[in-house]
Amino acid sequence: MNKHQISYMLEDTKLGIKRNRGSVIASVTLLFIALSLIGSILLVRAYIGEAVDYVESQLAMKVYVEDDMAEEVAAIIAKQSYAKDVQIESGEQIIQNLAFFFEGREHLLEAFTDGSMPDAVKFQVRDTRYFELLAQNLQQVEGIQKVVYPQQMAKILTDWLYKIELYGVLAIILFIAVAFLMVYSSFHLAMYQRSKELKIKLFLGMNPKIVRLQFLIEGFVLGLFGAVLGMAVVVMLYTFLIKSIQEAIPYLGQLNMQQVIVICTIQLGMGLLLGVVASYVSTRKLIRYV
């Protein structure tokens with residue numbers, strides 16, 4: 001293939017996209033939505049996965065106790081072989097620690113805590129395998145109101161992650177299917193609209209593979225536009241949301257730009273694949289009969 005053929009093919013691709021501007025915009029929009037969902041779910045999954053790993057790595061357990069019983073409960077726990085580094089946190093200290101998350105919205109903190117918090121005994125557990133058994137036993141001890149341990153939060157995060165993935169994947173499948181059909185229909189319609197032109201080209205001896213390649217390039221361009229827009233959404237989500245959360249709660253998990261680049265690469269690959277495959281499938285048989 002010489003330079004003249006390449007230049008002609010690219011110019012024809014450009015004209016083809018302009019002729020079908022409405023269907024092109026619809027195809028790119030659907031690709032953009034599907035790829036944005038894919039990228040967003042991958043990004044959220046990576047962050048929540050980091051958070052789950054962090055939470056599960058923590059060995060601390062906290063028990064909230066009734067009034068004036070913190071020292072007594074702490075003394076009992078300190079004698080147990082499973083516990084170490086036993087500390088008492090007063091209700092006032094707990095509220096002060098929570099205040100960081102409610103800065104500028106103190107009324108919400110007041111509503112959340114009802115103005116007070118029970119004292120708590122915090123301690124390290126020597127073996128994470130016994131968290132659940134310890135929690136069950138401690139919950140039955142007189143004077144202990146509530147037992148909190150990391151695996152509870154890890155389970156909540158895992159449940160969130162499962163729901164995000166389940167409903168997200170269903171939405172992605174729907175939008176990918178609709179986007180594929182839209183791109184397919186766009187090229188199918190373009191084939192009929194340009195059938196006379198294509199017949200002349202083939203009659204004059206143009207290789208059918210080159211004719212098909214023109215449509216594949218159009219599909220590539222549509223997939224590229226949809227992917228770039230979807231990648232922009234992921235970068236903005238990371239920059240303006242995830243990074244803000246990480247700065248506020250730095251110990252809960254960290255994503256870096258390398259992971260975002262990997263996600264964007266997946267979006268790009270899927271966008272190009274969808275555009276090219278839909279273009280190929282829609283023109284595979286028709287070019288033989290134009």
Side-chain angles (χ1 to χ4, degrees), residues 28-62 94 96-105 108-109 112 122 124-125 128-129 131-132 148-177 179 223-275:
V28 170
T29 300
L30 289 168
L31 284 169
F32 157 65
I33 294 172
L35 295 171
S36 295
L37 281 171
I38 291 170
S40 300
I41 288 174
L42 289 174
L43 191 67
V44 172
R45 193 194 191 290
Y47 180 68
I48 293 182
E50 289 275 340
V52 169
D53 291 341
Y54 169 79
V55 170
E56 289 187 333
S57 70
Q58 303 306 297
L59 300 175
M61 178 176 276
K62 183 182 289 188
I94 296 173
Q96 287 177 4
N97 293 335
L98 289 173
F100 170 79
F101 300 100
F102 293 88
E103 187 174 351
R105 297 181 294 275
L108 294 178
L109 176 60
F112 177 70
K122 183 178 179 182
Q124 297 288 314
V125 178
T128 57
R129 292 177 298 177
F131 263 129
E132 193 166 343
V148 178
Y149 56 102
Q151 275 65 17
Q152 290 176 315
M153 178 60 71
K155 186 177 183 304
I156 292 172
L157 291 174
T158 302
D159 289 342
W160 286 357
L161 186 59
Y162 172 76
K163 289 178 181 177
I164 289 171
E165 288 181 339
L166 175 62
Y167 297 116
V169 167
L170 292 175
I172 286 170
I173 291 172
L174 173 63
F175 277 106
I176 284 180
L224 180 63
F225 279 137
V228 168
L229 292 173
M231 289 159 62
V233 169
V234 167
V235 171
M236 287 190 292
L237 184 62
Y238 170 72
T239 303
F240 298 109
L241 180 60
I242 301 296
K243 283 187 74 174
S244 299
I245 296 174
Q246 289 180 166
E247 290 171 2
I249 318 175
Y251 51 80
L252 196 57
Q254 290 291 321
L255 291 183
N256 52 52
M257 200 60 196
Q258 285 74 20
Q259 291 169 292
V260 177
I261 290 173
V262 170
I263 292 171
C264 289
T265 302
I266 293 172
Q267 288 178 287
L268 179 62
M270 291 192 70
L272 297 179
L273 183 65
L274 273 171

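Residue numbers start at 1 and run along the sequence shown. Values reported hereafter were calculated over all heavy atoms of this structure, with side chains retained and with hydrogens, waters and symmetry mates removed.
Rounding to the nearest 0.5 Å gives a distance of 12.0 Å between CG of L237 and OH of Y47. Between I33 atom CD1 and I38 atom CD1 the span is 12.0 Å, to the nearest 0.5 Å. Atoms CE and CD1, from M236 and I242 in turn, are 13.5 Å apart once rounded to the nearest 0.5 Å. In this structure, OG on S36 lies 12.0 Å from CG on L43, to the nearest 0.5 angstrom. Note that OH of Y238 and CG of N256 are 6.0 Å apart. Values are rounded to the nearest 0.5 Å. In this structure, L30 CG and L274 CG are separated by 11.0 Å, a value rounded to the nearest 0.5 Å.
Within the 4.5 Å cutoff, the side chain of V233 has heavy atoms near those of the F32 side chain. Taking 4.5 Å as the limit, every side-chain heavy atom of L174 sits out of range of all side-chain heavy atoms of L170.
Of all the heavy atoms in V235 and V260, the pair that sits closest is CG2-CG1, 4.4 Å. Listed here is the closest heavy atom pair of L31 and G226: CB-CA, 4.2 Å.
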For residues 263-273, which side-chain N or O atoms pair as donor and acceptor with protein atoms under 3.5 Å away, sequence neighbours left out?
| from | atom 1 | to | atom 2 | distance (Å) |
| --- | --- | --- | --- | --- |
| T265 | OG1 | I261 | O | 2.7 |
| Q267 | NE2 | L35 | O | 2.7 |
| Q267 | NE2 | G230 | O | 3.2 |

